[in-house]
Every structure is written in C-alpha cells, then in structure tokens.
Protein chains: 2
Amino acid sequence: MTNLSIPALRQTCANCSLANLCLPVGLDQEDLKLLDNLVAKRRVLNKGEHVFDVGHPFDRLFTVRSGAFKTTVLNADGKQDIVGFYLPGELFGFDGISERKHQVTAQAIKTSSICEIPFEPLLRATGRIPDLLRQLFSLISEQTLPEAAIRLNHTAQQRLAAFLLSLSKRFKQCGYSETEFNLPMSREEIANYLGLAPETISRLLTHLYAEGILSINRRHIILNDLEQLQTIHCSGH
Amino acid sequence: MTNLSIPALRQTCANCSLANLCLPVGLDQEDLKLLDNLVAKRRVLNKGEHVFDVGHPFDRLFTVRSGAFKTTVLNADGKQDIVGFYLPGELFGFDGISERKHQVTAQAIKTSSICEIPFEPLLRATGRIPDLLRQLFSLISEQTLPEAAIRLNHTAQQRLAAFLLSLSKRFKQCGYSETEFNLPMSREEIANYLGLAPETISRLLTHLYAEGILSINRRHIILNDLEQLQTIHCSGH
DNA sequence: CGTTCTCTTGACAAGTCTCAATAATTGTGG
DNA sequence: CCACAATTATTGAGACTTGTCAAGAGAACG
C-alpha cells in the first residue's frame with residue numbers, strides 16, 4: 001500500500017517529491033537546508049495508529065508523506081466526529097497551537113508515513129527565513145474555512161459530489177491521477193465526515209454509477225465525468 | 001444601539017475594555033504602546049455595510065469593538081452562506097492571509113464599530129513583542145476547528161442549543177449577561193448559519209419557550225436554564 | 001475456511017423543508 | 001405623526017429527503 005520504500009524516508013526536504021506542497025513552497029536551497037534540519041523524525045504508522053490524542057501536549061506539526069490520516073473529536077453525543085482528512089503533502093496538527101494541547105485526535109486510516117516539524121524551532125526559523133512566516137499563516141488559514149460550513153447547506157448528493165471533487169483535486173496536486181484512485185477511507189468515514197448515514201453514501205454511489213458518472217468497486221473509484229460531478233455539486237443535478 | 005460614544009473610539013488599546021480579549025492578551029504596557037501604534041483606524045459601520053468583500057486585497061485584520069458582524073461566502077448554488085458571526089473582542093479577516101485576497105465577505109449585522117490592524121506591521125512587530133506571534137497563531141487556530149464540523153452530525157434542536165450556548169458564552173466573555181441578551185442576527189441568519197430553514201428555528205424557539213427553557217420576544221432572549229440547554233445540545237433531549 | 005467487517009439494498013419512520021397564510025414589527029413618505 | 005409598504009417572524013399542512021432497522025452478499029483476515 002505504501003508508495004515509499006525505506007530509503008525514501010531518509011530523503012531531505014530538498015529532494016522530497018512533496019516539497020512543492022507542504023512547507024517548503026517558495027523557499028530557496030539555502031532555506032531548505034535550514035528547514036530540513038528542523039524536521040526531526042520521519043515515522044511510519046499502521047492503520048489505526050494514533051499520531052496524537054485529544055489533550056496531548058502540542059509541540060510539533062506533521063506533514064503526510066504517504067497514506068492518509070483523519071482527525072476526530074468526541075462530539076456532544078459522545079461519538080467520534082471526523083473533522084478532517086489529510087493526504088500526502090498536507091500539514092496537520094495546528095489544532096494544538098491555541099491551547100498548547102491538541103483539540104483533536106489524529107490517526108492513520110491506512111499504512112502511512114509522516115514528517116514531524118518541531119513548532120518552537122519552526123517559529124524561531126521564521127526570523128531567518130523571510131517567507132516562512134507568511135507561508136505558515138497561509139497554510140493555517142487555508143484550513144480556517146474548510147468545506148464544513150459549506151457542507152451544511154447542501155443536499156447529500158451535493159456533499160458527496162463536493163467530497164469526491166475535493167479528493168480528486170488533492171490527489172492531482174500530489175501527483176496522482178485526478179480521475180482514478182483508491183478511497184483511503186471507508187463509506188462509514190465518508191458518511192461521518194459529511195454528516196450522513198453510511199447507507200446514504202452507498203445509495204448515492206450506486207446512483208452515480210447508474211448514471212455513468214463514476215465507476216466504483218469497493219475502494220477503487222474512477223471518475224468518468226468530473227464536469228457533471230461539478231454540476232451536481234453546484235445545482236444538485 | 002451602539003455602546004460607544006465618539007470619544008471612546010479614540011481610546012487606546014491600553015485602556016480598551018476589550019483588551020483582555022482581542023490581541024493584547026498577555027502583553028505588558030510597553031508592548032501595548034507598540035501595538036496601539038499599529039491600530040490605524042477605528043471605524044463605525046451601519047447595518048449591512050461591508051467591511052470587505054470576496055476578492056478584495058487583504059492587508060489588515062479587524063477586531064469588533066461593538067455590535068456584530070457576519071462573514072459569508074457565495075456557495076455552489078449561488079446563495080450566500082453565513083460561515084461566521086463575530087462579537088465584541090473577536091478578531092476576523094484571517095481568511096485573506098493565504099491568498100492575500102479575502103475568501104469571504106464581512107458585513108455589519110447592526111450598527112457596529114471595528115479596529116483595523118495592518119497585517120504586515122503586525123508581523124514585523126512579532127520580532128519585537130515575543131508573545132505576539134504565539135498569540136496570533138492562537139487566535140487563528142482557534143477558528144480552525146469551528147462549530148461547523150460538529151454541527152453536521154447533530155439534529156436541528158442540538159444545533160440551536162449549541163448556537164445559543166455559544167452566544168451566551170461569548171457575551172459573557174465580553175462582559176455582558178450570559179443569560180439575557182439581544183440576538184444580533186435574524187432567524188433567517190441563524191438558520192442559514194446552522195444549515196436549517198428559518199421556520200425550523202422559529203418552531204424550535206417556540207418549543208423551547210413552551211418548556212420554560214427560555215423566554216424570547218423578537219430579538220430579546222432570556223436563557224432560563226443553561227444546564228438543560230446543555231443537555232439538549234448533548235443528547236438531543 | 002470460518003469469522004468478522006464492510007458494503008449494498010429494501011422497507012418504513014422521522015425529521016426537516018417547502019409552500020402558504022397570517023401576524024407582528026420596522027421603515028418610509030406624505 | 002400617521003398610514004402604508006416592506007420586512008421579519010410565526011404557524012400549519014403536506015411532501016420529500018434522509019435516517020433507522022434489518023437482512024444478505026461480498027471481501028478481508030487470521
């Protein structure tokens with residue numbers, strides 16, 4: 001499942017294939033070396049393993065190198081609500097900055113690997129790397145307006161279409177196909193994230209398949225008509 | 001409606017009654033003076049007036065001095081979705097950091113006043129004021145995990161209870177009563193924010209009134225039983 | 001190869017939306 | 001200052017989307 005061999009885990013930010021995605025965007029060779037020294041550990045996690053839990057002290061950020069992660073909170077009902085999915089090249093762990101303790105739990109949803117970036121050294125490095133601070137603010141604030149708010153006023157079909165388009169876009173960004181990929185998460189996880197029942201996801205996928213908009217077999221999905229998916233996202237059909 | 005007289009608008013961060021809420025938290029007198037010099041303009045807006053629009057260049061943050069603001073996006077359907085409300089002492093405008101252009105539109109929902117904080121000078125000031133950077137990250141990341149995601153998996157009643165409790169808590173924080181206040185927003189705005197129909201809000205409020213949990217007359221609301229409201233938020237009743 | 005988990009599909013129930021009418025409030029112009 | 005218009009809020013009836021419960025099929029796992 002993992003796309004990275006062990007030697008790949010030893011590589012530096014400078015030759016990381018995701019360098020144009022996570023933090024190093026816009027940094028020159030010199031800056032990259034500085035940043036690379038910060039990235040302390042590169043770690044592999046199996047499905048279900050936790051990166052951190054609610055309440056754990058925050059002292060570093062994480063970037064996905066391969067695989068996928070989800071973040072969850074215990075909601076008022078006492079159930080786990082999925083609040084985010086993270087794909088290769090994406091940064092997570094910001095939730096801990098405010099209280100110096102994590103507000104969410106993060107775990108691998110398949111065998112995955114991450115880079116760890118100590119936060120205090122990172123902040124100190126903003127003094128030496130001019131663009132790093134803006135870069136950081138950028139990455140954080142991008143997550144400030146997540147799809148969550150937008151999901152609320154949409155139908156189940158619109159939400160699912162938006163979700164699939166989001167995955168497509170993000171897989172494309174990290175170099176995979178935008179039309180054919182494996183869903184890293186289960187129907188139940190998608191449902192939870194979108195605020196729907198798993199059965200509804202199943203039915204909607206069947207429906208989209210019947211219309212020829214996509215092909216799906218278990219986790220393997222092919223998006224045949226991105227444009228129509230976009231139309232569904234917008235107008236509901 | 002406005003709680004501030006004109007002279008009040010000339011006051012400095014150091015003697016602002018909201019100083020312990022917005023940016024200055026934890027700063028000493030010396031730092032406050034530095035910060036105060038940054039706060040360029042204090043401005044009054046009437047109901048409906050825009051602070052900024054989607055696409056407008058971002059170069060400053062805003063704190064609410066009095067009144068209330070909402071931020072909206074044009075969703076896929078072409079309708080305005082409310083993504084946030086801001087009460088006195090709260091900071092907004094972060095949405096523009098990433099793209100250097102605002103991702104949302106911000107407007108006053110009643111006669112209100114704001115302080116403007118130029119962003120670049122603020123970032124430069126983080127070099128001189130040690131705690132300011134963490135403070136900033138703190139405030140931004142607090143908004144990263146908004147109620148939005150949590151709202152999704154809750155019933156209409158749970159969402160409304162959560163919304164009222166949130167308002168209560170925030171009004172308390174800025175020195176108002178936590179049990180009696182005027183809703184700054186209309187039923188329709190509440191509905192939009194919660195992803196419900198305005199009629200549903202009306203019915204739920206009537207229902208909560210019938211149970212003695214709150215009294216409501218137009219915008220004026222009295223929360224008689226915060227605890228039971230909390231119970232509803234959690235278990236649905 | 002059986003156990004477990006995930007996914008699919010159906011029938012029914014329930015929550016919420018839409019449409020519509022009315023009432024109350026606010027704003028406006030004479 | 002009053003009367004009319006426009007907006008906002010309430011309430012009801014019916015429809016529709018989505019959730020719940022249940023059963024069964026298929027895949028994954030040990």
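Numbers restart at 1 for each chain; the letters A, B, ... are given by sequence-line order, proteins then strands.
Remark: the backbone N or O of B/E227 is paired with a side-chain donor or acceptor of B/T231 at under 3.5 angstrom. Side chain of A/N192 to main chain of A/Q80: a donor-acceptor pair is present (N/O by atom type, distance under 3.5 Å, no hydrogens or angles). Using modelled atom types, no side-chain atom of A/T72 and backbone atom of A/I82 make a donor-acceptor pair closer than 3.5 Å.
The side-chain heavy atoms of A/E189 and A/K70, taken from C-beta on, include a pair separated by under 4.5 Å. The shortest distance between side-chain heavy atoms of B/T200 and B/R159 does not fall below 4.5 Å.
At the heavy-atom level, B/L205 lies nowhere under 4.0 Å from the strands shown. Heavy atoms of B/L196 sit under 4.0 angstrom from primed sugar atoms or phosphate atoms, though from no base atom.
Among all heavy-atom pairs drawn from B/E116 and B/R60, the shortest one is OE1-NH1, 2.5 Å.
Put simply, NE2 on B/H207 is 11 Å from P on C/dG15, counting in whole angstrom units. Here the C1' atom of nucleotide D/dT18 and the CG atom of A/L160 are 14 Å apart, to the nearest Å. We find that CG of B/N153 is positioned 13 Å from P of C/dT16, with the value rounded to whole Å. A straight line from CG of B/L208 to P of D/dT11 spans 13 Å, rounded to a whole angstrom. Atom CD of A/E189 and atom P of C/dT6 are 9 Å apart (whole Å). One interatomic measurement links the two molecules: NE2 of A/H220 to P of D/dA27, which rounds to 15 Å at whole-angstrom precision. Protein atom CD of B/Q158 is 14 Å distant from nucleotide atom P of D/dG19, rounded to whole Å. Distance A/N182 CG to D/dA27 P: 15 Å, rounded to the nearest Å.
Note: B/F181 and B/Y176 fail the aromatic proximity criterion, with ring centroids not under 6.0 Å apart.
Along DNA chain C, the nucleotide nearest B/L204 and the nucleotide nearest B/E199 are compared for position; the residue whose nucleotide lies closer to the 5' end is B/L204.
Ring orientation note: the planes of B/F62 and B/F92 are close to parallel, at an angle under 30° on the 30°/60° scale.
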Would you list the protein and nucleotides 4-9 of chain D atom pairs, both N or O, that sit under 3.5 Å from each other?
{"residue": "D/dA9", "atom": "OP1", "partner": "B/R187", "partner atom": "N", "Å": "3.4"}
{"residue": "D/dA9", "atom": "OP2", "partner": "B/R187", "partner atom": "N", "Å": "3.2"}
{"residue": "D/dA9", "atom": "O4'", "partner": "B/R218", "partner atom": "NH1", "Å": "3.3"}

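Looking at the side chain of B/R203, the nearest of the listed nucleotides C/dA11, D/dT18, D/dG12 is D/dG12. Here the side chain of B/T155 is nearest to one of C/dT16, C/dT18, C/dT8, namely C/dT16.
Scored by the salt bridge (charged side-chain N to carboxylate O under 4.0 Å, His left out) test, A/E178 finds A/K172 as partners (sequence neighbours excluded).
With the end axes of the helix from C/dC1-D/dG30 to C/dG30-D/dC1 each set by five pairs, the angle from one to the other reads 50° at 10° resolution.
Within the 4.0 Å cut-off from OP1 or OP2 of C/dC17, at least one side-chain nitrogen or oxygen of B/T200 is found.
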